[in-house]
Amino acid sequence: QVQLVESGGGSVQAGGSLRLSCAASEYTASTYCMGWFRQSPGSEREAVAGIYIDDGRTYYNDSVTARFTVSQDKAKNILYLQMNSLGPEDTAMYYCALTFSRTCRWTMYTVDTYNNWGQGTQVTVSS
């Protein structure tokens with residue numbers, strides 16, 4: 001089991017930016033997916049962004065396209081989510097996830113694809 005630890009959450013005003021980080025414990029697989037999900041009270045967990053490490057393919061939820069950017073520092077095993085132009089609708093607990101599924105490149109936007117999850121980091125955006 002890979003351990004994932006998120007950081008970088010906080011409170012910002014609308015229009016502000018945050019960068020989330022997800023530090024992963026060591027693993028040896030070269031093909032895998034990592035993703036960012038978010039969940040607000042009373043709502044289901046939804047995909048925000050994902051990346052297929054083998055070829056760098058990315059996925060973005062339509063609501064964050066052009067505002068959020070997912071990236072990875074492979075040497076440090078850290079996944080990032082740069083979030084710009086934040087709005088109150090982005091308020092949620094943000095979770096990092098990882099899977100070694102060989103088919104994840106086609107399903108990286110689904111919760112069930114992932115079997116390694118972090119504890120989450122809270123993002124609150126005020127208007």
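Every heavy atom of this structure was used, including side-chain atoms; hydrogens, water molecules and symmetry mates were not.
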For Q119, I'd like to know if atom CD has over 12 heavy atoms of other residues, nucleotides or ligands within 6.0 Å. no
Applying ring pair (Phe, Tyr, Trp, His ring centres under 6.0 Å), name anything that partners F37, two or more places apart in sequence or on another chain. Y114, W117
Can you list the residues that meet the ring pair (Phe, Tyr, Trp, His ring centres under 6.0 Å) rule with Y59, with sequence neighbours excluded? Y109
For residues 47-58, dump all side-chain donor-acceptor pairs below 3.5 Å to protein atoms at least two apart in sequence or in another chain.
residue, atom, partner, partner atom, Å
D55, OD1, R57, N, 2.9

With sequence neighbours left out, which residue pairs that include part of [range] fulfil the disulfide bond (SG atoms under 2.5 Å apart) condition?
range: residues 34-101; result: C22-C96
range: residues 51-93; result: none
range: residues 34-93; result: none

Hydrophobic cluster (4.5 angstrom, side-chain heavy atoms) - remaining members for W106: none
Distance check, rounded to the nearest 0.5 Å: Q39 atom CD versus E44 atom CD?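 The distance works out to 8.5 Å.
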CE-CG distance between M34 and N116, expressed to the nearest 0.5 angstrom: 9.0 Å
Min side-chain heavy-atom separation N61-F68 under 4.5 Å: no
Side-chain polar contacts of residues 9-17 - donor-acceptor pairs under 3.5 angstrom, sequence neighbours left out - could you list them?
residue, atom, partner, partner atom, Å
S17, OG, N84, OD1, 3.0

Under the rule for side chain to side chain donor-acceptor pair (under 3.5 Å), what residues qualify as partners of S127, not counting sequence neighbours?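 S127 satisfies side chain to side chain donor-acceptor pair (under 3.5 Å) with no residue once adjacent residues are dropped.
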How would you list, by chain and number, every residue that makes a side chain to side chain donor-acceptor pair (under 3.5 Å) with Y94, sequence neighbours excluded?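 For Y94 the side chain to side chain donor-acceptor pair (under 3.5 Å) partners, ignoring immediate neighbours, are R38.
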Can you list everything that forms a side-chain contact (heavy atoms from CB on, under 4.5 Å) with T110? Sequence neighbours excluded, please.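 Applying side-chain contact (heavy atoms from CB on, under 4.5 Å) to T110 gives T107, T113.
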Partners of T69 by side-chain contact (heavy atoms from CB on, under 4.5 Å), sequence neighbours excluded?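 With neighbours one apart ignored, the set is Y60, Q82.
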